[in-house]
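Take a look at the structure set out below.
Residue numbers start from 1 in every chain, and the chains themselves are labelled A, B, ... in the order their sequence lines are given, proteins ahead of strands. We use all heavy atoms of the structure for the numbers below, so side chains are in, but hydrogens, waters and symmetry mates are not.
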Amino acid sequence: MHAAKRQQLEQSTRYEPREVEARVFDEWMEGGYFHPEPTGTPGENFSVSIPPPNVTGALHMGHALNGSMQDALVRMNRMRGRNTLWLLGTDHASIAVHAVLERELRAEGVSRHDLGRERFMERAWAWKEEYGSQIVEQLKRLGASCDYERERFTLDPSYVRAVHKVFKHLYDKGYIYRDNYMVNWDPGSRSVISDLEVENREVTDSLFSIDYPVEGIDRVLTVATVRPETMLADTAVAVNPADERYADLVGKFCTLPLVGRRLPIIADDHVDPEFGTGALKITPGHDVNDFEIGRRHGLEEISVIGPDGRLNEQAGEFEGMSVAEARRAVAARLREEGLLRDEQPYTHAVPFSHRSGERIEPLISLQWFCRMDELAKPAIEVVERDEVRIEPEQWKRVYLEWMRNIRPWCVSRQLWWGHRIPVWYCGDCEETIVVEEEPERCPACEGTALRQEEDVLDTWFSSALWPFATLGWPDETPDLRAFYPTSFLTTARDILFLWVARMVMMGIEFTGEIPFQDVYVHSVIQARDGRRMSKSLGTGIDPLEEIDARGADALRFGLLAMSSTQDVRYSDAKVEQGSDLANKLWNAGRLILLNAAEVEPAPRAARIEDRWLLSRLEKTIASVTEKLEAFDFAHAVQECYGFVYGELCDWYLEIVKPRLYEGEEDVSATLLYALERVLALLHPTMPFVTEEIWSFHPARDGHLAVHAFPVADEARFDEEAEAEIAEGIALTRRLRAWRDLVGVPAKAVLPAVIDGMAPAEFVARLSRFAFDGVGSEPVASVGPVRVLASAELDAEAVGERLAKRREELGAEIQRAERKLANEGFVAKAPPIVVEEERGKLERYRAELAELG
RNA sequence: GGGCGUAUAGCUCAGUUGGGAGAGCGCCAGCUCGACAAGCUGGAGGUCACUGGUUCGAGCCCAGUUACGCCCACCA
């Protein structure tokens, strides 16, 4: 090591992530390690497509967790020598961008419609160029080893081609169609949204009971509704066909109050005779159920609420009111007329827009839909056959359940930022033209009066193509040939349907192959108090702040350690554990690198503790590797922690320090070897600190990022050495505990003798005993050790300790005797278990006898 | 309405096929031991939500109860 480097290492008694991370990341980028050439086959290669974050997004804990998981597996496979691509990109996030920009516009006092489509789009692109890539920069802070030279965006020109081709294909197959249908209208974004973007919330409304007079006779039908304003669009009243109370009224008419419309009284099974009066007002234009009933009975569909969430010209005196205003006004008018029979508080589930947070207005609208049943079939089969493995298992069932009941997907959105639907309408012959590229003339009539569809596609329509569209599809590109299908996908469960399921369907339909082999559904990190982490609640924790405070490795370790199959609260302690581990590694590295003799790293098993360390190391490598491959990140990183702290540092380094300081070559070689393997093993989860320590290692011949990942060497597994050292460790612990209990000064070296075989050399040193028998009478026994009287020992304390131990042993003996006296246990338990119990009893008895 | 999940130490969480309850943090006590005070050593702390059952033996299996969380769903 150069003198300057040596001095740097000597002086840095703490690991400083801030100083290291930016520099190390630049080195990786300069090395070009994250940018693979498109060679090899998907089977040989390893590839992952990042779940594309929204361009509106900033890195949040979900990204940080997901990124830590992906990077761990990506780095591990890259180190294994596989040609590895982690494809990076962002999603155009139609609605989210609209929300951001329209807020800006509102502040300027204009709407997007004032601005016009073209200028709005210019503005959106400018916004995207300025802010859209901030999250990419933030991923670098995390250490994500994405291919930053292959960044994709879901509105790239090549991506647009892919979307058009897919749309046309699905249209030609008859899956995509245009229809007037009941949709979820989001007054907030002024667009339709899909079922999956609707969330139901419990709301307490009033349940109004309204009298509808029956025509021609002196009776009323009392209907119950939480939405009296929609009565203006009623076109029938329905009762259950089996309901005898109303059997004579079916076929008659009643008069719609305030409006005067004649409403047929119809019978339909949907009506629950138990609910309210058993009579249901039917509003096909503004209620999903009523829409279905209306279509069954051929009822007129009237709309009184417009896309702006206000009542329209059909609403008469209520025109122009908001829905809430109209509700109050209609109720007031009914009260005046004496038709409002009752009003009760009523709690029920109400749909809200997941995007804008506003209450969904169900209304009938002309939209583009895609039927999914045929696409779902093969996507169900590949999951049933585990060609696509969804883990943990429960999510496989959730996926299948949803897919088996899949419904048409409303794919059009009344927005501008997005993929404009590739449909043109001919103004001359009214033909609908669906083509991949803008036509100049109508293919039917040669007319040129072509008008493109105004709507754009649901953002998730393009996201569904992500794994292959990013690799150049529909062209047969080298990237596609080398990296598709991808290896795995990690995701939070909230986009299992929105995104994952659709990628499987589209992947199979358009490439004939599954898009990925494994889907790992990870847990959600909640806020410290157990609430959801969310910007709007103010409960979010900023990963960048955590990285600033404790380092990227610490955050990565912490998140992986926290993650599990169930949701978990954010734990500062786990992140701290990560920074502790980074610091521990750094200092263990310093100890080894500054003191080892100049030798080639090699697993020299010169002494039994060396055999022990190598055995433990190789077993740890085997176990951690297995866990990483099984997506069990939490146990993998905690096992690394346990090995580094519990075995390497607490014991091995302490045991071999004298040999190391003497410059012994065997231990130097072994330590350098072990350090190299530990650094490589930990690099996928803690890339920065490991790379930094590696830069001081004498065997370094390049970056750790592309160093070989260790393969467990089973020939080093050594049960004999493990047993012997474990015994020495256990004895050391007992001696230390005994010293502490009887209050021996920490520095005092106690005289003692050993019965039987001498324990390992380190026991005396690390427990500060002198087993040389120089001293007077034995005063206490600790296992095989007879402690001799000395000035440092307090006779009374020793006596108390002995009494306590006798008591403990007595209890243990009783427990064991009781168990062995149980005939059932002796007869039915496996013999080995019974034998173990007998062995324990013997040992306890022996120790008690020894104590006298 | 249907489905899924979770209740274990003060806190956050582990606990493989049923065989003496674990980790990290926190707490208490003691340590400037030639890497690390972001350190080292030792310790205290648990009726495994509740009730029943199966078993020689249950945190783990079965039935039920309670509480909390999530997903799906067209009862006004």
Pairwise [atom1] distance, [M] and [N] [rounded to whole Å]:
| N | M | atom1 | result |
| --- | --- | --- | --- |
| B:C60 | B:G2 | P | 27 Å |
| B:G46 | B:G15 | C1' | 14 Å |
| B:A49 | B:A14 | P | 14 Å |
| B:C50 | B:A7 | C1' | 11 Å |
| B:C28 | B:G45 | P | 16 Å |
| B:A63 | B:U55 | C1' | 16 Å |
| B:U6 | B:U17 | C1' | 23 Å |
| B:G19 | B:C25 | C1' | 31 Å |

Quick check for you: among [options], whose closest atom lies nearest to any side-chain atom of [X]?
| X | options | result |
| --- | --- | --- |
| A:N587 | B:C56, B:G42, B:C36 | B:C36 |
| A:V833 | B:G19, B:C70, B:U41 | B:G19 |
| A:S571 | B:C4, B:U12, B:C25 | B:U12 |

Taking only the side-chain nitrogens and oxygens of [X], find out if one of them lies under 4.0 Å from OP1 or OP2 of [N].
| X | N | value |
| --- | --- | --- |
| A:S564 | B:A14 | yes |
| A:R815 | B:G20 | no |
| A:R569 | B:U12 | yes |
| A:R407 | B:C74 | yes |
| A:Q566 | B:A14 | yes |
| A:K804 | B:G43 | no |

Take A:R327 and A:R227 through the test side-chain contact (heavy atoms from CB on, under 4.5 Å) and record every step on the way to the result.
-> CA-CA 7 Å; A:R327 181 170 306 174; A:R227 305 202 57 192; 3.7 Å; yes

Measure the distance from [atom1] on [X] to [atom2] on [N] and round it to the nearest whole Å.
| X | N | atom1 | atom2 | result |
| --- | --- | --- | --- | --- |
| A:Y844 | B:G20 | OH | P | 10 Å |
| A:I813 | B:G20 | CD1 | P | 18 Å |
| A:M533 | B:U12 | CE | C1' | 13 Å |
| A:L591 | B:G34 | CG | P | 12 Å |
| A:W738 | B:G42 | CH2 | C1' | 14 Å |
| A:H522 | B:C70 | NE2 | P | 18 Å |
| A:E823 | B:C56 | CD | P | 13 Å |
| A:W402 | B:C4 | CH2 | C1' | 18 Å |

Side-chain polar contacts of residues 638-651 of chain A - donor-acceptor pairs under 3.5 angstrom, sequence neighbours left out - could you list them?
residue, atom, partner, partner atom, Å
A:E639, OE1, A:S623, OG, 2.9
A:E639, OE1, A:K627, NZ, 3.2
A:E639, OE2, A:S623, OG, 2.6
A:Y645, OH, A:D580, O, 3.3
A:E647, OE2, A:R616, NE, 2.7

Contact class for [X] vs. all strands (heavy atom < 4.0 Å): base, sugar-phosphate, or nothing?
| X | answer |
| --- | --- |
| A:H635 | sugar-phosphate |
| A:P745 | nothing |
| A:D272 | base |
| A:K840 | base |
| A:V271 | base |
| A:A737 | sugar-phosphate |
| A:R736 | sugar-phosphate |
| A:F696 | nothing |
| A:E274 | nothing |
| A:R550 | nothing |
| A:Y570 | nothing |
| A:D287 | nothing |

Please determine if A:E836 and A:K840 form a salt bridge, counting it only when a charged side-chain N lies under 4.0 Å from a carboxylate O.
-> no

Does some side-chain heavy atom of [Y] sit less than 4.5 Å from a side-chain heavy atom of [X]?
| X | Y | value |
| --- | --- | --- |
| A:R805 | A:E847 | yes |
| A:I693 | A:L593 | yes |
| A:T277 | A:V223 | no |

Under the side-chain contact (heavy atoms from CB on, under 4.5 Å) criterion, do A:Y570 and A:M562 qualify, and how do the steps go?
-> CA-CA 7 Å; A:Y570 186 80; A:M562 274 175 242; 3.8 Å; yes

Between A:R590 and A:M562, name the one whose nearest nucleotide on RNA chain B is closer to the 5' end.
-> A:M562

5′-ward residue of the pair A:D567/A:K819 relative to RNA chain B | A:D567

Member of A:W402, A:W409, A:W499 meeting the side chain to side chain contact (heavy atoms under 4.5 Å, CB included) criterion with A:L196 = A:W402

Among A:Q566, A:R532, A:R493, which residue meets the side chain to side chain contact (heavy atoms under 4.5 Å, CB included) test with A:V524?
-> A:R493

Under the salt bridge (Lys or Arg N to Asp or Glu O under 4.0 Å) rule, what do A:E812 and A:R815 come out as? Steps first, then yes or no, please.
-> CA-CA 5 Å; A:E812 288 301 320; A:R815 190 194 57 76; 3.6 Å; yes

RNA chain B base-pair string [pairs: Watson-Crick or G-U under 3.5 Å; |: paired with another strand] = (((((((..((((.....[..)))).(((((.......))))).....(((((..]....))))))))))))....

Within a reach of under 6.0 Å around CD1 of A:I832, are more than 12 heavy atoms found that belong to other residues, nucleotides or ligands?
-> no

